[in-house]
Engineer: 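Take this structure, written in structure tokens, and hold onto it; I'll ask about it next.
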Amino acid sequence: MSIVLALTLGLFVLCTWFARVLIQRRTQHLPPHPQSFGQIVAKVGPKAPQWVILDSLKDQLGPIFSFYRGSTLVVVINKADIAWDLLQKRGDIYSSRPRLVLAHEIVSGGMRGLSMPYGKQWRTWRKIQNTGMSGRASLAYCEHQALESTLLLRGLLHDPERYEYYLALFATSVVLSIAYGRRASNLEDPIFKRNAEAGRDFQQANIPGNPVDKYPALLYLPRALQWFRRDGDKAYARAKSLYVELLEDVKDRMATGTAKECMATRGLKDQHSLGFSDLELAFALSAPFGAGIDTTSATLEIALCAILHSPASVRKAQEELDRVVGRDRLPTFDDEPSLPYLHSFITEIYRWHTVVPLAVPHSVTADDVYNGYFIPKGATVIGNLYTMLKDPEMFPEPDVFRPERFADAETQDSRVADLPFGFGRRHCAGMHVAQQSIYIVVARILWAFDVEPVKDEDGKPILPDMSDMKSMGLTRKPAPFRFSVRPRFPEANIVVEKEAAEAEKLLQAWE
Ligand code: HEM
């Protein structure tokens, strides 16, 4: 067996090398590429995250560059204008995803929409997401988000050290209610661990370099010899049983008339016209649960960091809240249009330290030429949000947290504010849900609390180190930090406790 395997492998390596040579005959027109990746990695440090490595190349190689990963050309876009030109305006050919044999075809059974190639199956999947989470549909979730936010406030007030838990609980409960019409009162239920595990399995399988993504022809080996898929098959079985279980639970509640309207109830009612099998539907409905927790909670962590780093902006936002809302009630969604400074403050949170630094890679489905550069069919295209959102031409002094840069909303290109949510037809499907969550939580934290840094023994404030970000695969979040929380005025405490107690009663309907 080992000789057959060695020969097969040898043949694959030869074919890949030959394909690469053919492609390289056209390299004079490819976007510029680094001489040696090894040298760059050595310069920025072997443990540097991918977004730092790619960012370090922009000065040498410019706004668009390329490199090979195996036999696939990877094109990196560092300027928003180029990303809009390609990923948005030429969306008919730039909206697919790179082929991920292990992560998509094996671990996701070909049914996770995030990594699904552009085509009919993806359009149906996306229709389910858009019906459930369009700007209009998302308004239906405001009430639940507002109620959950009061419990988050109470948690932060009593126990700021456990901020990661309370933020994750808020984000989890919001997406669980949207997808499955039920809430999370704590994170003890094993479904949350299983969901996090499914996310980790997917991210893990996504790490470049596994044999079957390098040599997909290995899939032609007899199944029993496909050693590379054993863990992947187990991961798929785990994800499948979780998502099917969640959907079956909704079916049971529909049968007893106790199901709240949610994406799952709508999906089940429309299943025939959608033409999705039970399993495809189960995977589609898991998308908010899979993509909406880490992104939302990490953005809220960054919001707390911004509050700690930028007391002058916080004061301005609080003055506006006092003027518009007063001091005897929490801000609501109805206040949002009257809070322009807060709006800029939140837009700057997304920009200051983006949580999805390299977006999700797109893939191009036809040969293309851009500014004289040849971009071949099948190339992976990375919209490098990390670098774009720190572009000093677009955002002078990009490391400074400065909401004023978004103050003149009238003259702003609306695409700029939405940039952190990605591009064109594949832009974030949960953007409106996320924006509602971030607005209500940030508005209420700023209204209710003074959030301040803890101090060292010399009385100097200890601020979160924004260069210390933990990668969680596609997303990232700040390393743990500490802060204190005090009610901003005596009534704030009373309002928070009262609203949280009421919310707890009202939320029982979601349990
Ligand atoms: C502040 C929080 C969030 C940020 C910054 C964010 C950002 C992104 C980005 C950059 C992409 C890739 C876009 C592209 O390929 O060009 C994406 C995709 C996606 N996001 Fe979000 N996201 C957030 C929250 C959410 C939430 C709350 C949900 C669901 C409830 C969600 C669901 C999705 C889905 C399903 C996709 C895949 C879209 C597709 O492939 O067609 N996201 N998001």
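Counting starts at 1 for both ligands and their atoms, in listed order.
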Engineer: Below 6.0 angstrom between ring centroids: does that apply to Tyr163 and Phe481?
Structural biologist: yes

Engineer: Applying side-chain hydrogen bond (donor to acceptor under 3.5 Å, both in side chains), name anything that partners Thr295, two or more places apart in sequence or on another chain.
Structural biologist: none

Engineer: How are the rings of His144 and Trp510 set relative to one another: parallel (under 30°), tilted (30 to 60°) or perpendicular (over 60°)?
Structural biologist: tilted

Engineer: Would you mind listing which atoms of ligand 1 come within a distance below 4.0 Å of any non-hydrogen atom of Pro420?
Structural biologist: 5 (C), 7 (C), 10 (C)

Engineer: Please state which part of Trp125 comes within less than 4.0 Å of ligand 1, counting heavy atoms only: side chain, backbone, both or neither.
Structural biologist: side chain

Engineer: For ligand 1, which atoms, with element, lie under 4.0 Å from some heavy atom of Val360?
Structural biologist: 12 (C), 15 (O)

Engineer: Is the shortest distance from a Lys or Arg side-chain nitrogen in Lys79 or Asp391 to a carboxylate oxygen in the other one below 4.0 Å?
Structural biologist: yes

Engineer: Enumerate the atoms of ligand 1 whose separation from the nearest heavy atom of Leu114 is less than 4.0 angstrom.
Structural biologist: 36 (C), 37 (C), 40 (O)

Engineer: Give the numbers and elements of all ligand 1 atoms closer than 4.0 Å to a heavy atom of Met133.
Structural biologist: 29 (C), 30 (C)

Engineer: Can Glu197 and Arg194 be counted as an ion pair, charged N to O under 4.0 angstrom?
Structural biologist: no

Engineer: Report, as a single number, the protein N, O or S atoms less than 2.8 Å from atom 21 (Fe) of ligand 1.
Structural biologist: 1

Engineer: Within the 4.0 Å heavy-atom shell around His362, which atoms of ligand 1 are there?
Structural biologist: 14 (C), 15 (O), 16 (O)

Engineer: Thinking salt bridges, do Asp85 and Arg90 make one under a 4.0 Å N-O criterion?
Structural biologist: no

Engineer: Within a radius of less than 6.0 Å around CD of Gln271, do more than 12 heavy atoms belonging to other residues, nucleotides or ligands occur?
Structural biologist: yes

Engineer: Ligand 1 and His427, any nitrogen or oxygen pair closer than 3.5 angstrom?
Structural biologist: no

Engineer: Does any N or O of ligand 1 fall below 3.5 Å from an N or O anywhere on Arg97, backbone included?
Structural biologist: yes

Engineer: Could you work out, for atom 29 (C) of ligand 1, the closest of Pro288, Pro361, Ser297 by heavy-atom distance?
Structural biologist: Pro288

Engineer: Can you list the steps and then say if Asp249 with Arg182 is a salt bridge (charged side-chain N to carboxylate O under 4.0 Å, His left out)?
Structural biologist: CA-CA 10 Å; Asp249 176 54; Arg182 57 192 257 210; 2.9 Å; yes

Engineer: For atom 38 (C) of ligand 1, which candidate among Arg112, Gln129, Arg126 holds the nearest heavy atom?
Structural biologist: Arg126

Engineer: Would you find more than 12 non-hydrogen atoms of other residues, nucleotides or ligands less than 6.0 Å from Lys193 atom NZ?
Structural biologist: no

Engineer: Taking CD in Glu404 as the centre, count heavy atoms belonging to other residues, nucleotides or ligands within less than 6.0 Å. Is the count above 12?
Structural biologist: yes

Engineer: Against heavy atoms of Val355, which atoms of ligand 1 measure under 4.0 Å?
Structural biologist: 5 (C)

Engineer: For atom 1 (C) of ligand 1, what's the nearest protein heavy-atom neighbour? Residue, atom name and distance, please.
Structural biologist: Thr299 OG1, 3.2 Å

Engineer: Which ligand 1 atoms does Thr296 reach within 4.0 Å, using its non-hydrogen atoms?
Structural biologist: 27 (C)

Engineer: Can you tell me which residue pairs pass the side-chain hydrogen bond (donor to acceptor under 3.5 Å, both in side chains) test with a partner in residues 91-103, sequence neighbours excluded?
Structural biologist: Tyr94-Asp368, Arg99-Glu105

Engineer: Determine, using ring centers only, whether Phe345 and Phe406 are less than 6.0 Å apart.
Structural biologist: no

Engineer: Among pairs that include at least one residue of residues 415-445, which meet ring-ring contact (aromatic ring centres under 6.0 Å, His included), considering only residues two or more places apart or in two chains?
Structural biologist: Phe333-Tyr439, Tyr350-Phe421

Engineer: Around atom 13 (C) of ligand 1, find the nearest protein heavy atom and jot down its residue, atom name and distance.
Structural biologist: Arg426 O, 3.1 Å

